[in-house]
Novice: 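Below you'll find the structure I mean.
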Amino acid sequence: MSRRFAALAALAVVCAGVELVAGRGMSPGAVWEVLGGGGDATERHILLQLRLPRMLVALGAGACLAMAGLILQSALRNPLAGPEVTGVTPGAVLGAVTATALGFAGWDSPLAVVLAACAGGCGGALLLWLLVGRAGGDPAQTAVHGVLVSAVLGGLTAMVLLVKPGELGSVVQWLVGTTEGRVWEHWHLLWPWALVWGAAAWLLSGPLALLRCGDDIALAAGLSARRARTLALLCAVALTAGAVAAVGALGFVGLLVPHLALAVFGADLRASLPGAALMGAVVVCGADAVAQLSSRLLALALDADRLTLPLGALTACLGAALLLVVVRRAPSRTF
């Protein structure tokens with residue numbers, strides 16, 4: 001197990017290094033020169049004030065989404081219960097967009113965005129809870145209602161954007177997901193939030209393991225299934241809200257990374273939860289590096305300096321393709 005963690009940590013370092021040299025504005029040689037203490041003022045600003053916080057935010061957001069997905073899948077006993085399809089991510093986006101429309105939040109006030117996103121995520125999870133019922137329903141019912149709730153919340157977000165398009169043009173990136181323009185303020189707000197709620201989720205790893213076995217087994221072990229599930233959902237909503245406030249709605253990260261973590265680290269959530277966090281950080285950071293490299297190559301090929309490939313578009317395409325491959329390889333499996 002320690003070797004697996006060490007391999008993932010090494011891969012995270014590699015992805016972080018590639019992301020630092022992948023962007024436009026300075027050559028890889030200039031990056032290494034700045035890291036060595038040299039470089040001019042412009043190069044130092046690009047690397048230390050733009051690329052470095054962007055890389056750290058990508059790592060932190062990926063860890064939050066992966067942990068949130070694993071918590072949701074364990075608490076709801078549903079392999080498709082990612083933040084994207086349970087109303088949590090769409091609710092968080094709706095909360096952030098609505099708060100911006102009302103003038104309560106914006107990119108210049110990340111704390112207000114986090115609070116608004118958390119409130120929206122709680123609202124989306126509560127709506128799903130009311131539709132499915134206190135008993136939680138079966139996994140298929142939860143997945144269907146989750147898709148419906150996500151569609152409704154997405155429609156409400158579109159309505160808000162249509163009402164005030166002039167004021168909310170910049171928040172479209174919340175709908176797609178991007179790390180563009182992230183600065184140290186976003187990182188200083190994200191890492192303590194992720195640390196606190198990630199630690200709380202790890203403390204719930206025992207109850208979550210019982211919930212994965214079913215409410216009857218949890219009750220037989222003396223666990224209050226309703227209370228444990230409520231606390232777990234609160235952790236998942238908070239982690240998702242922090243990620244959404246930092247990078248927007250990244251598709252499929254919270255849905256597929258938990259499955260990879262369980263395959264690599266096993267069913268013991270004391271190991272798979274931190275493993276999922278590390279794996280999510282690797283996936284998002286690596287995808288962001290690929291997005292920057294692709295943007296750089298496309299800009300050269302099409303002679304378009306402002307061409308940028310959003311991170312969320314890349315994760316959505318790759319995640320959908322991977323999910324299709326998994327379903328086609330295991331057509332008899334119940335999702």
Side-chain angles (χ1 to χ4, degrees), residues 12 53-73 81-97 99 105 107 110-122 124-125 150 153 157 171 173-183 185-201 233-258 261 273-274 276-288 291 310-316 319:
R54 174 175 180 165
M55 178 265 292
L56 293 174
V57 168
L59 291 171
C64 287
L65 289 174
M67 285 191 292
L70 183 54
I71 292 169
L72 287 171
Q73 291 174 10
E84 306 89 344
V85 293
T86 53
V88 178
T89 294
V93 172
L94 176 61
V97 170
W107 288 111
L111 180 58
V113 175
V114 169
L115 296 178
C118 191
C122 288
S150 299
L153 295 175
T157 302
V171 304
Q173 53 190 319
W174 267 318
L175 304 178
V176 180
T178 180
T179 55
E180 191 77 22
R182 298 308 177 267
V183 294
E185 188 176 2
H186 294 93
W187 168 245
H188 292 326
L189 189 62
L190 177 60
W191 78 260
W193 184 273
L195 184 62
V196 169
W197 289 106
L233 292 177
L234 178 61
C235 288
V237 168
L239 288 168
T240 302
V244 169
V247 299
L250 295 182
F252 288 95
V253 176
L255 180 62
L256 293 178
V257 172
L273 264 175
L278 188 56
M279 193 171 291
V282 169
V283 168
V284 174
C285 186
D288 194 29
L311 170 62
L314 183 61
T315 59

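Position 1 is the first residue of the sequence; numbering continues from there. The analysis underlying the following values was restricted to heavy atoms, covering all of them including side chains, and did not include hydrogens, waters or symmetry mates. Please read these numbers as outputs of a predicted model, since none were measured by experiment.
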Novice: Quick one, Val257 and Leu70 - any side-chain contact, counting heavy atoms below 4.5 Å?
Specialist: no
Novice: Taking atom CG of Leu314 and atom CG of Asp288, what is their separation to the nearest 0.5 Å?
Specialist: 9.0 Å
Novice: What I'd like to find out is whether the side chain of Leu311 reaches to under 4.5 Å of the side chain of Val247, using heavy atoms alone.
Specialist: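 Side chain of Leu311 against side chain of Val247, heavy atoms only: no contact under 4.5 Å found.
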Novice: Taking all atoms of both residues into account, what is the closest heavy-atom pair of Phe252 and Thr315, and its distance?
Specialist: CB-O, 4.1 Å
Novice: Look up atom CG in Leu195 and atom CG in Leu190, then write down how far apart they are to the nearest 0.5 Å.
Specialist: 10.5 Å
Novice: Among all residues two or more places apart in sequence or in another chain, which pass the side chain to side chain contact (heavy atoms under 4.5 Å, CB included) test with Ala12?
Specialist: Leu278, Val282
Novice: Is there side-chain contact between Cys285 and Met55, with at least one heavy-atom pair below 4.5 Å?
Specialist: yes
Novice: List in chain and number order the residues that pass side chain to side chain contact (heavy atoms under 4.5 Å, CB included) with Trp187, two or more places apart in sequence or in another chain; answer none if no residue qualifies.
Specialist: Leu56, Val57, Trp184, Trp191
Novice: What is the distance from atom CH2 of Trp193 to atom SG of Cys118, rounded to the nearest 0.5 Å?
Specialist: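 Going from the CH2 atom of Trp193 to the SG atom of Cys118 covers 4.5 Å.
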Novice: Do Leu72 and Pro83 touch side chain to side chain, with heavy atoms closer than 4.5 Å?
Specialist: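 Sidechains of Pro83 and Leu72: in contact.
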Novice: Considering non-hydrogen atoms only, spot the tightest contact between Ala281 and Leu59 and give its length.
Specialist: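 Scanning both residues, the minimum pair turns out to be CB-O, 3.3 Å.
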Novice: For the pair Glu84 (side chain) and Gly254 (backbone), establish whether a donor and an acceptor sit closer than 3.5 Å, ignoring hydrogens and angles.
Specialist: yes
Novice: May I ask you to decide if Leu255's main-chain N or O and Gln73's side chain share a donor-acceptor pair within less than 3.5 Å?
Specialist: yes
Novice: Nearest heavy-atom pair of Gly198 and Leu239: which atoms, and what distance?
Specialist: N-CD2, 3.9 Å
Novice: Grab the two heavy atoms, one from Val237 and one from Ala125, that are nearest each other, plus how far apart they are.
Specialist: CG2-CB, 3.9 Å
Novice: Can you tell me how far the CG atom of Leu233 sits from the SG atom of Cys122, to the nearest 0.5 Å?
Specialist: 9.5 Å
Novice: Quick check: closest heavy atoms across Gly87 and Pro90, and the distance to 0.1 Å?
Specialist: C-CD, 3.7 Å
Novice: Between Gly319 and Leu256, what is the shortest heavy-atom contact and its length?
Specialist: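 Result for this residue pair: O-CD1, 3.3 Å.
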